[in-house]
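Notes follow once the structure below has been shown.
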Amino acid sequence: MATTVGIEVEGAVATLWLNGAPQRNALSLSTWEAIPAAVAEAEAATGCRVIVIRGRGGHFGAGGDIKEFCAVFADEASTLVYFDRMEAAMRSIETARLPTVALIEGLCVGACVALALACEIRLGAAASSYAITPAKLGIAYPYGDIARVVSAIGASRTKTLMYSGVAIPAETALVYGLIDRVIAADSDTAAFVSAVAASSPWTIATTRRAIHNVGLDRSNKAAGYPETLVAAVTGTDFAEGMNAFIEKRTAVFSDVTIAPARTAGLETRR
Amino acid sequence: MATTVGIEVEGAVATLWLNGAPQRNALSLSTWEAIPAAVAEAEAATGCRVIVIRGRGGHFGAGGDIKEFCAVFADEASTLVYFDRMEAAMRSIETARLPTVALIEGLCVGACVALALACEIRLGAAASSYAITPAKLGIAYPYGDIARVVSAIGASRTKTLMYSGVAIPAETALVYGLIDRVIAADSDTAAFVSAVAASSPWTIATTRRAIHNVGLDRSNKAAGYPETLVAAVTGTDFAEGMNAFIEKRTAVFSDVTIAPARTAGLETRR
Amino acid sequence: MATTVGIEVEGAVATLWLNGAPQRNALSLSTWEAIPAAVAEAEAATGCRVIVIRGRGGHFGAGGDIKEFCAVFADEASTLVYFDRMEAAMRSIETARLPTVALIEGLCVGACVALALACEIRLGAAASSYAITPAKLGIAYPYGDIARVVSAIGASRTKTLMYSGVAIPAETALVYGLIDRVIAADSDTAAFVSAVAASSPWTIATTRRAIHNVGLDRSNKAAGYPETLVAAVTGTDFAEGMNAFIEKRTAVFSDVTIAPARTAGLETRR
């Protein structure tokens with residue numbers, strides 16, 4: 001049976017589960033095809049502030065499901081459809097309005113590394129491990145996925161992983177930049193995700209747009225940022241933030257109704 | 001009372017102190033406004049070879065002083081003035097002729113992270129911690145500062161810090177690229193700063209210019225570097241360096257009288 | 001006596017040895033001049049799949065041989081010849097058809113850091129140490145080498161090393177991105193190098209080309225990648241990889257007869 005995807009919403013957190021524990025969440029064509037709708041479902045959930053992507057059965061995912069490769073690579077047309085669906089799944093995550101967090105336990109291999117990199121932030125359990133293995137099979141890793149890896153960890157570490165296919169543990173993945181935090185306990189994940197969910201959606205959306213625009217000119221003026229700075233200090237989130245600070249309580253921020261545009265430029269992802 | 005700045009010169013090292021221990025060196029508009037003149041004072045000090053920026057009372061700094069936010073953000077004009085002054089302070093550090101080193105003890109929060117990133121090198125005490133917290137307040141981080149963070153630690157780690165507001169310890173800051181060395185003891189700081197002060201100012205100035213010019217073409221010719229290589233081996237610093245090497249003593253280098261131009265391109269900062 | 005270079009081939013691994021243990025493999029003009037031919041010899045060795053560069057006597061290399069500096073820097077013409085030969089040696093490694101791995105034991109100093117960075121992947125022994133020391137001598141580091149360092153470790157860490165000349169241990173070099181793996185035992189090196197040698201040369205060559213092309217547009221189409229994806233799944237390496245997977249044995253891949261072009265763009269190296 002192919003791995004399916006499902007959304008669970010609990011408070012402000014929508015979890016996109018990869019349901020394929022028997023095959024360690026190896027991803028089939030049908031899985032890739034199901035991801036965009038699942039992301040849309042999470043985004044539509046009332047009060048949802050953050051999307052977490054994770055796998056059932058203690059693994060993030062074993063990569064593309066090799067068992068169906070003979071079928072999906074039967075001819076040129078089906079091969080290109082397969083890789084188009086993969087990329088569409090990645091892009092649906094990358095263009096989500098809400099912050100996206102991959103929670104990686106156990107194995108994270110092949111195409112599942114790219115899936116994790118399509119999320120904005122990656123949390124890795126202490127026992128998680130990472131490998132990119134197309135050179136073991138004589139296949140090509142899609143260009144977009146190579147670009148995702150290079151922009152996260154640089155060319156030399158990409159070659160280190162992809163020329164050898166070796167697996168690295170979470171601590172090395174943190175050093176490489178493949179993950180952003182090593183998670184020692186479930187409570188650490190909950191604390192981090194809650195912190196994101198409690199943050200100002202306006203600040204998150206504005207920060208994301210700025211990060212994606214980072215280029216040569218770092219002046220506020222070039223970035224159209226004078227307006228943003230003024231919008232911030234006259235906005236409802238800042239009023240709430242200041243009141244909470246003065247009253248020594250936690251701020252309660254509203255959802256933003258107008259999501260800032262999010263560009264897909266690679267140059268801004270490390 | 002607002003945090004003030006002051007310069008102390010000891011030998012070849014000028015220290016720019018943030019004097020605001022009671023408020024953990026939270027920075028006011030008047031602090032930002034005082035920084036460019038302090039940098040200029042350090043640069044003008046006879047025999048000065050390196051500028052160290054640090055805070056009194058065991059903390060680097062708590063960020064912008066929230067207590068004055070209602071006043072400085074009272075209207076659009078005052079808001080823009082505030083952020084212009086912040087950026088001018090950053091730029092005065094970034095365009096200094098001398099090497100700049102941030103020495104970070106205790107808290108380094110919000111705008112003080114950007115202040116540290118405006119320095120060329122960051123040393124963090126083992127017990128220091130780092131957080132970027134505008135999303136807790138619903139405010140915007142200036143575009144230039146987001147660019148400083150992204151160029152140092154990449155997009156994913158910037159999102160990790162800025163979407164959540166969580167604090168990270170020195171060891172994680174080292175892994176992220178937010179600091180460059182973890183300092184175990186005061187003697188480590190002294191040893192590192194002394195090494196910079198004893199280095200050839202000509203080599204430092206030439207290296208800085210090259211780093212800031214790094215781009216697609218890495219040929220000596222494209223960088224106008226054949227002249228530099230020849231200038232090096234016919235220069236006074238190299239003559240002194242060679243003599244010291246032959247005589248097995250420490251080289252004593254002269255100040256450079258013509259400071260090489262230093263461009264502000266972002267692309268060259270990681 | 002000047003350090004010489006020599007090739008040893010064992011199975012699929014060609015080792016380019018720096019033979020200069022008495023002077024800790026300090027590199028002379030004659031050493032730089034000998035490197036391109038040695039790389040060509042390794043590439044021509046039958047069945048060779050990977051080139052390892054390392055030094056005799058427990059050190060990678062102490063940098064340029066200071067003892068000959070007075071001679072090679074005697075006049076402008078000889079100075080420029082010297083740096084041209086250095087750069088030609090670096091380029092011969094960077095444009096090699098086979099994967100290149102630096103194995104660094106003991107000292108890796110000055111120009112030898114750039115030599116290691118000319119390799120695609122760097123393995124550092126636990127006891128290895130790294131320093132870039134032109135500022136101790138008042139000399140210039142070639143522009144291409146500064147670009148190599150910056151693209152690997154970013155501007156701040158480049159300044160940390162080059163402004164001070166301090167040495168860092170392997171663990172810090174890993175965090176900086178100067179090396180890619182810390183090697184605890186000889187068997188670790190052998191395992192990693194064997195994994196590279198056993199990987200699909202087609203996948204390695206294709207991956208390298210993609211890494212070097214990484215830019216703004218990450219679509220398969222922009223990269224001419226639809227053809228590559230189809231070529232992969234209709235290729236002989238993939239057929240062998242799939243058969244090995246099904247038969248639960250190790251794949252045995254053929255050499256590629258047409259080496260993919262390899263561009264030299266800096267933007268693709270981290």
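Predicted, not measured: the structure shown is a model, and the values here were computed from it. Reminder, nothing fancy here: chain letters follow the sequence lines and each chain counts from 1. Any value given below was found using the heavy atoms of this structure, including those in side chains, with hydrogens, waters and symmetry copies removed.
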Legend entry - Residues in side chain to side chain contact (heavy atoms under 4.5 Å, CB included) contact with A:Glu171, at least two apart in sequence or another chain: A:Leu174, A:Val182

Legend entry - Residue pair A:Ile121 / B:Tyr163: nearest heavy atoms and the distance that separates them: CD1-CD2, 4.1 Å

Inset, instruction - Check each atom of B:Leu161 against the heavy atoms of chain A and say whether the ones under 4.5 Å are side chain, backbone, both or neither. - result: neither

Inset, instruction - To the nearest 0.5 angstrom, please state how far the CD1 atom of A:Ile153 sits from the OG atom of B:Ser156. - result: 11.5 Å

Legend entry - B:Lys136 side, atom NZ; A:Ser199 side, atom OG - distance, nearest 0.5 Å: 8.0 Å

Legend entry - Nearest heavy-atom neighbours spanning A:Ala210 and B:Ile146: CB-CD1, 3.5 Å

Legend entry - Shortest non-hydrogen contact from B:Tyr143 toward A:Val214: OH-CA, 3.1 Å

Legend entry - A:Asn243 CG: over 12 foreign heavy atoms closer than 6.0 Å: yes

Inset, instruction - Check side chain to side chain donor-acceptor pair (under 3.5 Å) between B:Asp188 and all other residues, then give those that pass, not counting sequence neighbours. - result: none

Legend entry - Among B:Ser164, B:Ala140, B:Pro142, B:Pro134, residue most engaged with chain A (heavy-atom pairs, under 4.5 Å): B:Ser164

Legend entry - Plane angle bin for B:Phe73 and A:Phe238 - parallel if under 30°, tilted between 30 and 60°, otherwise perpendicular: perpendicular

Inset, instruction - Could you grab the distance from atom CD of A:Glu120 to atom OG1 of B:Thr158, nearest 0.5 Å is fine? - result: 11.5 Å

Legend entry - Test item: B:Ile66 and A:Met242 side chains (from C-beta on) under 4.5 Å apart, heavy atoms: yes

Inset, instruction - Measure distances from B:Tyr141 to the heavy atoms of chain A and classify the residue's part below 4.5 Å as side chain, backbone, both or neither. - result: backbone

Inset, instruction - Check the surroundings of atom CD in A:Glu10: do more than 12 heavy atoms from other residues, nucleotides or ligands lie under 6.0 Å from it? - result: no

Legend entry - chain A neighbours within residues 21-39 of chain B, where any heavy atom lies under 4.5 Å away: none

Inset, instruction - Check whether any side-chain heavy atom of A:Arg181 sits under 4.5 Å from a side-chain heavy atom of B:Thr160, and report yes or no. - result: yes

Legend entry - Point-to-point distance, once rounded to the nearest 0.5 Å, from CD of B:Glu76 to CG of A:Leu229: 10.5 Å

Legend entry - A:Gly177 backbone acceptor or donor facing B:Tyr176 side chain under 3.5 Å: no

Inset, instruction - Please name all residues satisfying salt bridge (Lys or Arg N to Asp or Glu O under 4.0 Å) with B:Asp180, sequence neighbours left out, ordered by chain then number. - result: B:Arg122, C:Arg157

Inset, instruction - To the nearest 0.5 Å, tell me how far A:Ile211 CD1 sits from B:Lys159 NZ. - result: 5.5 Å

Inset, instruction - For chain A, find which of B:Val149, B:Ile139, B:Val166, B:Thr79 contributes the most heavy-atom pairs closer than 4.5 angstrom. - result: B:Ile139

